[in-house]
Undergrad: 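This structure is in C-alpha cells; I'll ask about it shortly.
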Amino acid sequence: MVLLDIKNLTLEIDISGSWVKALDKINMVIHEKQIHALVGESGSGKSLIVKAIVGALPVRWRITADRMTWKGQNLLTMTVKARRKIIRKDISVIFQNPINSLDPLLTLGQQLQEMLPTDNLTKTWFWQRNKQKRELAINLLHKVGIKNHQLCLSSYPHQIPNDVVQKFMIAMALASEPKLIIADDPTRGMEVTAKTQILKLLSRVNQVKSTSVLFVSHDLLAISNMASYMTVLYCGQTVESGDLLQLRKRAFHPYTQALLNSAPSFRKDLPPKSPLSSLDGTIPTLHNLPIGCRLGPRCPRARRECVAIPQIRRVHTHFYSCHFPLHWEAK
Ligand SMILES: Nc1ncnc2c1ncn2[C@@H]1O[C@H](COP(=O)(O)OP(=O)(O)OP(=O)(O)O)[C@@H](O)[C@H]1O
Ligand code: SF4
Ligand SMILES: [Mg+2]
C-alpha cells in the first residue's frame with residue numbers, strides 16, 4: 001500500500017526579492033513497511049522536502065504539486081487542522097538539529113507525556129492516568145536505550161548530551177505509534193556506537209511494528225544496511241530512484257554514480273560539504289541555478305541537449321532523469 005505519494009513537488013522561495021525553485025518537480029513514493037533512503041549532497045534540498053511533507057515551511061513560499069497525498073488524501077488541499085491531525089497520528093518527524101524542535105521551557109518528561117495518545121490510556125482517574133503516562137514514557141525511554149529515565153524525564157532539553165537528545169527524539173517519534181517515521185539525518189556527528197544503536201533501533205521498529213521510515217542521510221553505509229529503496233536528489237531535483245541493490249549495481253544517472261564512487265563499497269560516511277571525488281566543482285547556490293539539468297556544469301557526459309530538463313524515464317521500478325544515462329550505449 002502506498003502511504004506517501006509525491007509527484008512534481010515544486011517549491012519556490014524568495015531570495016533577495018526574486019523567486020527561485022529550491023525544489024523542482026520532486027517525485028517520491030513511500031510504501032507501507034518500507035525503509036526509503038533520501039540522499040544527496042548538503043544543500044540539495046532534503047530538509048526542504050521533509051518540511052514540505054509536514055507543512056513546516058513559511059506560508060509566503062509557493063508550493064505546488066501534481067500530487068501530494070497521504071494514503072490517498074490530498075495534503076495540499078486539506079485544512080491545516082486535518083493535516084495536523086495526520087501528522088500527529090500517522091507521521092512522526094525527527095528534524096535535523098532536533099534540539100530546536102523541543103520546547104526549552106518544558107522538561108523532556110512533560111514533552112514526551114504530551115505526545116502519548118490518550119486512546120492508549122486505560123485508567124479512569126486523572127492521577128491513575130498520570131501514573132500510567134509516566135510508565136509508558138519510561139518504557140519508551142528504555143526501548144530507545146536511555147537507561148537513566150529519571151534524569152532524562154526531569155531534564156530540560158539543553159541539559160542533556162546530543163546523542164541522548166537524538167534517542168529522546170526517537171522515543172517522541174515512537175510515542176504516537178506512527179505509520180511513518182521521517183528521520184532527517186538522525187546520526188549526523190555521532191560517534192560509531194551511538195550511531196549503530198540509533199540505526200538498529202529504527203530497523204527494529206520497522207521490522208516489529210511495520211513502521212515505514214524515510215531515512216534522510218549522507219551516510220551511505222547506514223543506508224546500505226537499512227534501506228531497500230533509494231531516492232537521489234541533486235540541487236532540488238530528483239535525479240534517480242529505485243531499488244537500492246539495483247542502483248548500487250547499475251546506476252543510470254552520472255550523479256548517483258559519483259555519489260556511490262565517493263563512498264567506495266559504501267564503507268565510509270560522506271561528510272557534509274565533502275567534494276565528490278569523481279565530479280568537479282560543487283553544488284550551485286540557489287542564486288546561480290543552471291538551466292535544464294542542474295548537474296550540467298559538473299557533468300562529464302553533458303552535451304548541448306542538457307539545457308533542456310530531462311524527462312523521467314522508467315525501467316521497471318527504477319526511475320532516472322538524464323538525456324545520456326550511463327550504460328545507455330549498451331541498450
Ligand atoms: N529558510 C531558508 N531561506 C533561504 N534558503 C533556504 C532556507 N532553507 C533552506 N534554504 C536553501 O535551500 C537549499 C536546500 O536546503 P536544505 O536544508 O533542504 O538542504 P539539505 O539537503 O537538507 O542539506 P544538509 O545535508 O546540509 O542538511 C539550500 O541551498 C539552502 O541554502
Ligand atoms: S542530463 Fe546531461 S548534464 Fe544532466 S546528468 Fe544527464 S548527461 Fe549529465
Ligand atoms: Mg538537511
Side-chain angles (χ1 to χ4, degrees), residues 9-24 26 37-54 56-63 93-98 100-101 182-189 214-220 223 231-240 251-259 269-274 276 278-313 319-329:
L9 168 69
T10 297
L11 171 72
E12 290 178 89
I13 69 181
D14 57 333
I15 299 183
S16 327
S18 57
W19 290 92
V20 286
K21 282 187 184 165
L23 298 177
D24 188 17
I26 299 294
L38 178 62
V39 295
E41 272 168 284
S42 186
S44 55
K46 303 182 296 296
S47 297
L48 289 180
I49 294 178
V50 171
K51 288 175 190 163
I53 293 170
V54 295
L57 293 170
V59 280
R60 66 176 191 286
W61 288 359
R62 299 172 186 159
I63 179 163
V93 189
I94 304 163
F95 286 105
Q96 208 171 7
N97 309 320
N100 298 341
S101 51
I182 302 178
D184 190 353
D185 221 350
T187 55
R188 184 182 276 196
L214 175 61
F215 185 70
V216 181
S217 183
H218 294 95
D219 189 342
L220 294 180
I223 286 163
T231 293
V232 183
L233 197 68
Y234 179 74
C235 197
Q237 295 178 329
T238 29
V239 296
E240 189 158 17
F252 288 132
H253 200 284
Y255 181 69
T256 309
Q257 194 57 57
L259 209 56
D269 193 353
L270 183 63
K273 312 271 183 206
S274 58
L276 295 183
S278 46
L279 280 187
D280 289 335
T282 52
I283 192 167
T285 61
L286 293 180
H287 298 94
N288 296 303
L289 292 175
I291 54 165
C293 174
R294 291 183 177 179
L295 189 66
R298 299 175 73 188
C299 180
R301 299 173 71 81
R303 301 190 204 168
R304 196 182 313 144
E305 290 86 334
C306 302
V307 294
I309 294 179
Q311 296 300 308
I312 302 172
R313 300 193 210 176
F319 297 82
Y320 63 95
S321 303
C322 175
H323 292 297
F324 306 106
L326 300 164
H327 314 292
W328 76 304
E329 296 88 346

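Hydrogens, waters and symmetry mates are skipped; everything else that's a heavy atom, side chains included, is used. Just follow the structure's listing: the first ligand is 1, and inside any ligand the first atom is 1.
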Undergrad: Look at atom 24 (P) of ligand 1 and find which of His287, Arg188, Glu41 reaches it with the closest heavy atom.
TA: Arg188
Undergrad: Does at least one non-hydrogen atom of His218 fall below 4.0 angstrom from an atom of ligand 1?
TA: yes
Undergrad: Report yes or no: does Gly40 have a heavy atom closer than 4.0 Å to ligand 1?
TA: no
Undergrad: Would you mind running through ligand 1 and noting each atom that sits below 4.0 Å from a heavy atom of Ser44?
TA: 19 (O), 21 (O)
Undergrad: Near atom 2 (Fe) of ligand 2, which protein N/O/S atoms are found at less than 2.8 Å?
TA: Cys306 SG
Undergrad: N/O to N/O below 3.5 Å, does that happen between Leu48 and ligand 1?
TA: yes
Undergrad: Report the relative orientation of the aromatic rings in Tyr320 and Phe252; use parallel for angles under 30°, tilted for 30 to 60°, perpendicular for over 60°.
TA: tilted
Undergrad: For ligand 2, which atoms sit closer than 4.0 Å to a heavy atom of His253?
TA: 5 (S)
Undergrad: Which residues and atoms, protein N, O or S only, are under 2.8 Å from the Mg ion (ligand 3)?
TA: Ser47 OG, Gln96 OE1
Undergrad: Has Ile13 got any heavy atom lying under 4.0 angstrom from an atom of ligand 1?
TA: yes
Undergrad: Which of the numbered atoms in ligand 1 are under 4.0 angstrom from any heavy atom belonging to Trp61?
TA: 1 (N), 2 (C), 3 (N), 7 (C)
Undergrad: Are any of the N/O atoms on Gly43, whether in the backbone or the side chain, positioned under 3.5 angstrom from an N/O atom of ligand 1?
TA: yes
Undergrad: Within the structure, does Asp185 bring an N/O atom to less than 3.5 angstrom of an N/O atom in ligand 1?
TA: no
